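Quick notes on the structure that follows.
Residue numbers start from 1 in every chain, and the chains themselves are labelled A, B, ... in the order their sequence lines are given, proteins ahead of strands. None of these values were measured; they are calculated from a predicted model.
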Protein chains: 2
Amino acid sequence: MTAVGRTAKEKAMRVVSWNINSLRKRLERLLHWLGETKPAVVCLQETKCNDEQFPVAALREAGYHAVFHGQKSYNGVAILATTEPHAVRIGLCDQVDDPQARVIAATIGELQVYSIYAPNGQAVGSTAYAYKMEWYNRLARCLRAQESGLERVLVCGDFNVAPNDEDVHDPALWRGAIMCSEEERAAFRALCGAGLSDTLRLLHPEPGLFSWWDYRMLAFPKNRGLRIDAILAGKDLAAKCTAAGIDREMRKGKEPSDHAPVWADFGS
Amino acid sequence: MTAVGRTAKEKAMRVVSWNINSLRKRLERLLHWLGETKPAVVCLQETKCNDEQFPVAALREAGYHAVFHGQKSYNGVAILATTEPHAVRIGLCDQVDDPQARVIAATIGELQVYSIYAPNGQAVGSTAYAYKMEWYNRLARCLRAQESGLERVLVCGDFNVAPNDEDVHDPALWRGAIMCSEEERAAFRALCGAGLSDTLRLLHPEPGLFSWWDYRMLAFPKNRGLRIDAILAGKDLAAKCTAAGIDREMRKGKEPSDHAPVWADFGS
DNA sequence: GGCTCACGAG
DNA sequence: CTCGTGAGCC
C-alpha cells in the first residue's frame with residue numbers, strides 16, 4: 001500500500017464468516033454473492049470436500065485467493081481473500097494430526113485470520129459433548145499461544161454456541177440444551193475474556209439476530225433461530241469495527257445453507 | 001367440438017413422448033417446456049414417483065390434466081393432456097396385478113393413447129432380457145385385443161429398442177447388443193406390422209436422429225445416441241401425421257434427462 | 001452419470 | 001430438512 005493509499009479515504013474492509021454446508025452444492029450461490037458484495041475476506045465452514053475437490057479455479061476467476069483444509073464428507077474450513085494469504089496454518093497449534101478439519105489460519109495483510117468450525121456436541125453429556133468442550137480448551141490454549149498477541153487476530157466461524165440469551169429465539173425452550181448450556185457459554189466467553197470481542201454484539205446488543213435456523217419446522221420463516229456464528233476481533237481491530245450484521249438474504253431462495261453469513265466492516 | 005370448429009382451419013395437434021427420468025427432479029423443466037411448446041398430449045416415462053407424489057396441482061395450473069400410474073423409485077408412466085382423459089386403463093390388459101408400472105392408456109378426444117415404458121433388458125440372454133421379450137409379447141397381445149381396432153391408437157413411449165440401424169450412431173459397435181438384437185427388433189416391428197406406423201420414420205428416414213444418449217463419455221456432445229423412443233400411430237392417424245421430430249434442446253442445459261422428447265403433429 | 005434408497009449427521 | 005455416503009439400477 002502506498003503513502004497515497006494510506007492517506008486517501010479507504011473503503012471499509014468487509015470480513016465475512018459463513019457456514020456454507022457443502023461448498024460444491026452452493027458454489028454458484030457463493031460466486032454470485034462474492035460478485036455482488038465483494039468482501040475482502042470470507043471464512044467458510046463445512047465445505048464438506050477434500051482439498052482435491054476444492055474449486056480453486058472458479059474462485060480465482062471470481063477474484064479470490066483461497067486457502068483450505070478439508071476432508072471427505074464432513075467438516076472442512078477455508079479462507080478466501082482478495083489479497084494473497086500467507087503463513088497458512090492447519091489445525092489447532094498443539095495437534096497437527098487432528099483427523100477433523102476444523103481450523104485454518106492465515107496472515108492476510110496485517111490480519112491474523114482464523115476460520116474455525118467448532119464441534120456440534122450432539123447432546124449435553126454425550127461423548128461428542130465431551131469432545132466439544134475439550135476442543136474449546138484446545139482452541140483457547142492455541143489462541144493464548146498466538147505469537148504477537150491477539151491485537152490483530154480475527155477468529156471467524158461457526159462456534160456452535162449461542163453465547164447469550166439474546167442469541168436464542170426462545171431462551172426458555174433452549175435453556176441448558178446443546179449450544180446453550182452454561183458450560184459451553186463459559187467456554188465461548190473465555191475467548192472473549194482473553195482479549196477478543198464479539199463484533200456483532202459490539203454494535204448490536206438487541207435480540208432477534210440469528211445466524212442459524214433448523215431446516216425443519218419452518219424455523220426460518222418463523223425466525224426461530226440461534227446466533228452461533230461470530231467474528232471475534234482482537235483489541236486493535238475491534239476498535240476499528242464500523243459496522244456488523246447478518247446477511248439473512250443468503251438463507252432465502254432455493255437450497256440455502258442453514259446458516260446465514262455474519263459480517264463485520266473494519267475501517268482504516 | 002362444434003361444426004364451426006371442424007370446418008375452421010385447425011392448428012396441428014402435437015403429441016410428445018418423453019422419458020423424463022424422475023418427474024420430481026425435472027418438474028420445473030417440464031412446466032417451462034409445456035408453457036413454451038404447448039403440446040396437446042404428453043406421454044411420460046420413468047416418472048419414478050408414486051401416485052401420492054405426482055404433482056397434479058402444478059400441472060393443473062400449467063393447463064394440463066394428468067393421469068398416471070407410478071410406483072416408488074422405478075418405472076412410472078403418465079399422460080398429460082389439455083383436454084380431460086377418460087377411460088383410464090392401467091397395466092397391460094391381461095395382467096392387472098403387474099408390480100412394475102410400465103403402461104397407462106386413456107381416451108383423449110378421439111384418440112386412444114398409450115404411454116409405455118418397455119423393460120431395459122440388461123443384457124441379451126439375461127433373465128431381465130427374457131422378461132423384456134415376454135413383456136413385448138404381452139404388449140402385442142394387448143394391442144391386438146384393443147377394442148375398435150388400432151386406427152385411432154397412439155402407442156407412445158420408451159421402447160428400449162433401436163428399431164433399425166438408422167436408429168444407432170454406430171451399428172457395428174452395437175450389433176447384437178441390448179436394444180439392438182434381432183429378436184428385440186423383430187418384437188418392435190411386429191407392432192408396426194400389426195397396423196401401427198413409427199411416425200418419425202414416416203417423414204424422416206435419414207440416420208442421425210436419436211432420442212437417448214448415455215450420460216457418460218460425452219455421448220450427447222458427440223451425438224453418440226440411439227433412437228429408442230417412438231410414437232406409433234394407427235392407420236387413420238398415421239395418414240394425418242404432418243410433422244415429426246425430436247426436441248434435442250431438452251437434452252441440453254443443467255441436469256437434463258438422458259432422453260429427449262419425441263414428437264409428432266397430427267392435422268385435422 | 002444420474003436416479004433411487006437407507007443410513008448417519010447436522 | 002438437507003447434507004454426505006455407498007449400493008443397485010439404468
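- For the ring pair (Phe, Tyr, Trp, His ring centres under 6.0 Å) criterion with A:W18, the lone passing option out of A:Y117, A:W33, A:W212 is A:W33.
- Of the candidate nucleotides C:dC5, C:dC3, D:dC3, C:dC3 has the atom lying nearest to any side-chain atom of B:K48.
- Atom CD of A:Q100 is separated from atom P of C:dG8 by 18 Å (rounded to the nearest Å).
- Note that the CD1 atom of A:I79 and the SG atom of A:C43 stand 5.0 Å from one another [nearest 0.5 Å].
- No hydrogens or angles considered: a donor-acceptor pair under 3.5 Å links the side chains of B:N21 and B:K48.
- At a threshold of 4.0 Å, the pair A:D198-A:R227 counts as salt-bridged, since one of the basic side-chain nitrogens sits closer than that to a carboxylate oxygen.
- Straight-line distance from the CD atom of B:Q71 to the C1' atom of D:dC9: 13 Å, rounded to whole Å.
- Side-chain proximity of B:R216 to C:dG1, D:dT2, C:dG10: nearest is C:dG1.
- In this structure, the OH atom of B:Y74 is 10 Å from the P atom of C:dA6, given to the nearest Å.
- In this model, the phosphate group of D:dC9 is not approached by any side-chain N or O of B:Q122 to a distance below 4.0 Å at OP1 or OP2.
- One interatomic measurement links the two molecules: CZ of B:R24 to P of C:dC5, which rounds to 6 Å at whole-angstrom precision.
- Straight-line distance from the CD atom of A:E46 to the P atom of C:dG8: 19 Å, rounded to whole Å.
- Listed candidates were D:dC10, C:dG2, D:dC3. Nearest to the side chain of B:Y215 is C:dG2.
- For B:K72, the listed nucleotide lying nearest its side chain is C:dA6; candidates were D:dC10, C:dC3, C:dA6.
- Computed from coordinates, the A:F159 CZ to C:dG10 C1' distance equals 18 Å when rounded to whole Å.
- Salt bridge annotation for B:R26-B:E255: absent, with no cationic side-chain nitrogen under 4.0 angstrom from a carboxylate oxygen.
- If you measure from atom CZ of A:R251 to atom C1' of D:dC3, you get 13 Å, rounded to the nearest angstrom.
- Comparing atom distances between the B:Y117 side chain and each of C:dG10, D:dC10, C:dA6 picks out D:dC10 as nearest.
- The CG atom of B:D229 sits 16 Å away from the P atom of D:dC10 (whole-angstrom rounding).
- For D:dC3, neither phosphate oxygen OP1 nor OP2 lies less than 4.0 angstrom from any side-chain nitrogen or oxygen of A:S22.
- Comparing D:dG4, D:dG6, C:dC5 by their nearest atom to the side chain of A:S73 picks out D:dG4.
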